[in-house]
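Heavy atoms only: backbone and side chains are in, while hydrogens, waters and symmetry mates are out. In this text, all values refer to a predicted model and were calculated from it rather than measured experimentally.
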Amino acid sequence: MALLLPLPATLMPQLNRRNAFMTNDQAPAQLTPRAIILAIVLAVLLAAANTYLGLFAGLTIASAIPAAVVSMAVLRVLGGSTILENNIVQTGASAGSSIASGVIFTIPALVILGHWTDFRYAWVLAIAGLGGILGVFFSVPLRRSLIVEQNLRFPEGVAAAEVLKAGDNPAQGVKLLGLAALGGGLAKLAAGSGLRVIPDTAAASGFFGKWLAYFGTNLSPALLGVGYIVGLNIGALALIGGMISWSVAIPIYVAWFLQDNLPLAQQLAGADAETMANAIWSAQVRYLGVGAMLVGGMWALVSIRSSLASGIRSGLEATRAGATRATSHTEQDLPMKAILIGLVLFTIPLFVLYQLIVDNIGISLVMTVIMIVAGFVFTSVSAYMAGLVGSSNNPVSGITICTILFASLLLVVLMGRGAALGPVAAIMIGSVVCCAACIGGDNLQDLKAGQLVGATPWRQQVMLAIGAASCALVMAPVLNLLLKAYGIGAPTAEHPNALIAPQATLMASVAKGMFGGELPWGMISIGALIGVGIILVDEYLKRVKAPFRAPVLAVAVGIYLPLELSVPIFCGGLIAYLVERKLGISGDSPQAERAKQNGILFAAGLITGEALMGIFIAIPIVLSGSADVLALGSGLQFGEGLGLAVVAGLAFWLYRAGARRAA
């Protein structure tokens, strides 16, 4: 990098003013009004985009790098920006994906359960905003232990810092981001919910004797981008999970077990292969993923218990010690006294919300205690896992399931197994914990980037809280727009192509099943055994130091998702692998992350463009009351061939963009 070259002494003052990461004895401008405003704008846009993506595909993507690039370009135009100001912007903006994850993984379950008919603004605002701020508070004591002492990787944080430190030409990155967003947006406009020039999926299916065969792929540029960012390892595991469901479990169920499920067999009498495969997946086979997720969530807790306990203890001790000594601005967290006061103040409104649900002070108090304890524990888990595998691969959905199960068990004792409001109460606890855990992992990623560029931790923590609260303001309107335009959850006659909201559907099923609902426990048990087997395989790969790992939750998500979502994710991961081969890089060193920047920006553009176009398309659909409002005539609607060609073209463009090494 240019900053490592020897420079004349006369240029050093200018260099130091421009790159504040080279000092730690003073605090240059960071939390400026323009940085706060830009961070809020980016956070809201990224929250909306990730809301659509998460409901559609069950995945959200860390957004620090695109936010950093946009910030550098905008603030450079305004003049006088510093690296620390840009770091503040990416810190606040990254709250968008975190709050979106916490919300869409849980809150749509209240609609799926039938408790809400739409998303109530005040409730969503309180859950997302307060949960996000609590996540910031919970994670503050962990910074010194996980970032300074244990020096965990925090890959997105390291990558964001590299982008900030090497941001000599952000305009080029913004151009790449914008072109990719245009391509992804136009592809979404042309697809099934827009002009219908191309379909949403391409699939083939049929019967071979008593065996059913199905294979399909979604024609989504955003999923290609997701796969590129998560990489070949995770993409391959998602596809393996999908093949377990669709190429193994569903054919076996059709051949040997369907006749024993008389209601389902009668429902599917005479159905074609694709309809039958989707119905069996929805009613039975996807619960294999539930069992695997349950095992994966518990394994995440067990596998890091010693390191986590040590990290929490060390962080709290360091926080207490720091209150009695002078420290550099690069080591200053929010004061513990302020955190404790904030925890009390922000917990009281949540207690009131719980009381409004159950109308029992004792039960509301228990719910609040569960929320606080689980929130701190699982925020710590999320922060630790973010340091190990990154925020995009963080098993938040698995630990949220554990929260809902634990809360449900206690609430069953207090409310009874037939309590109608039991599932709702459990989801309300899980939603706050999920928002806190998502923000906690993101906070540590941002603080890692801040450590590398010389930022002040408390300023980043304040900015992240502002970003979380800002995103919470728009979540309910975005969710209601998507609900009315596309539907959320199971397809219906009114919304045959509903956003499946896989995690929220899972949370609703688990919570309802704990309070007297019916769940296919046989499938869940088999899924749990599959999860154990995957853990054993992963432990073996770890022991032999294999380059390929098998985290159980990545496979579990693949089992639970429709196959057509996993296929393009795998293809995106394969493109990333080919780009790495072309560039001659491997691993996740800062240099490798820097070399991959162009591809990451292009992938992020595909995701953002498609997601925002999906939201824009929803507006005329809702206003007109017709899903066909933008559809062209049948003569201009082409088949799967054109759709595959469009996606293949965007995939090639992604490869070309990624194969150009970032300067």
Heavy-atom closest pair, residues [X] and [Y]:
| X | Y | answer |
| --- | --- | --- |
| Ala407 | Ile429 | CB-CD1, 3.8 Å |
| Thr106 | Gly430 | CG2-O, 4.0 Å |
| Ala95 | Ala468 | CB-N, 3.7 Å |
| Gly599 | Leu654 | O-CD1, 3.8 Å |
| Ile99 | Gly132 | CD1-CA, 4.0 Å |
| Gly531 | Val295 | C-CG1, 4.1 Å |

Between [Y] and [X], is there a side-chain heavy-atom distance shorter than 4.5 Å?
| X | Y | answer |
| --- | --- | --- |
| Ile104 | Tyr52 | no |
| Thr51 | Leu55 | yes |
| Val290 | Met293 | no |
| Leu142 | Tyr384 | no |
| Trp299 | Leu553 | no |
| Leu84 | Val453 | yes |
| Ser81 | Met72 | no |
| Val69 | Gln90 | no |

Original post:
Can you name the salt bridge (Lys or Arg N to Asp or Glu O under 4.0 Å) partners of Arg581, sequence neighbours left out?
Top reply: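 So Arg581 forms no salt bridge (Lys or Arg N to Asp or Glu O under 4.0 Å) with any residue.
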Please answer whether the main-chain N or O of [Y] pairs with a side-chain N or O of [X] as donor and acceptor at a distance below 3.5 Å.
| X | Y | answer |
| --- | --- | --- |
| Ser71 | Ala67 | no |
| Thr82 | Ala29 | yes |
| Ser382 | Phe378 | no |
| Thr608 | Gly605 | no |
| Tyr228 | Phe602 | no |
| Gln503 | Gly58 | yes |
| Gln460 | Ala455 | no |
| Asn50 | Leu46 | yes |
| Ser97 | Ser94 | yes |

Looking at [atom1] of [X] and [atom2] of [Y], how far apart are the two atoms once the value is rounded to the nearest 0.5 Å?
| X | Y | atom1 | atom2 | answer |
| --- | --- | --- | --- | --- |
| Ile36 | Ile466 | CD1 | CD1 | 4.5 Å |
| Met507 | Thr400 | CE | OG1 | 5.0 Å |
| Thr403 | Ile370 | OG1 | CD1 | 10.0 Å |
| Asn86 | Leu164 | CG | CG | 6.0 Å |
| Asn87 | Met463 | CG | CE | 11.5 Å |
| Leu447 | Leu464 | CG | CG | 8.0 Å |

| field | salt bridge (Lys or Arg N to Asp or Glu O under 4.0 Å): pairs with one or both residues in residues 85-101, sequence neighbours excluded | value |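 Listed once each, the pairs are Arg34-Glu85.
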Point to revise | Residues forming a side chain to side chain contact (heavy atoms under 4.5 Å, CB included) with Ala338, sequence neighbours excluded | key: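 For Ala338 the side chain to side chain contact (heavy atoms under 4.5 Å, CB included) partners, ignoring immediate neighbours, are Pro335.
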Apply side chain to side chain contact (heavy atoms under 4.5 Å, CB included) to residues Ile229 and Ile607 and explain how you reach the verdict. CA-CA 10 Å; Ile229 291 174; Ile607 295 167; 3.9 Å; yes
Next on the checklist: Check the orientation of Phe346 and Phe137. Use parallel for under 30°, tilted for 30 to 60°, and perpendicular for over 60°.
Outcome noted: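 Taking Phe137 first and then Phe346, their aromatic rings sit tilted (interplane angle of 30° to 60°).
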### Task
Just do the side chain to side chain contact (heavy atoms under 4.5 Å, CB included) check on Phe154 and Leu146 with the steps written out, would you?
CA-CA 9 Å; Phe154 291 101; Leu146 301 186; 4.1 Å; yes
* Asked: With a 3.5 Å cut-off and no angle check, do the side chains of Lys448 and Gln445 form a donor-acceptor pair?
  ->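 Short answer, no.
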From CA spacing to verdict: side chain to side chain contact (heavy atoms under 4.5 Å, CB included), Leu232, Phe548 | CA-CA 9 Å; Leu232 180 59; Phe548 186 93; 5.8 Å; no
### Task
Please report the C-alpha distance between Val103 and Cys435 in whole Å, then the side-chain angles of each, then the deciding distance to 0.1 Å, and finally whether the side chain to side chain contact (heavy atoms under 4.5 Å, CB included) criterion is met.
CA-CA 6 Å; Val103 169; Cys435 288; 4.2 Å; yes
### Query
Only one of Asp333, Thr91, Thr456 clears side chain to side chain donor-acceptor pair (under 3.5 Å) with Gln461; which?
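Among the candidates, only Asp333 passes.
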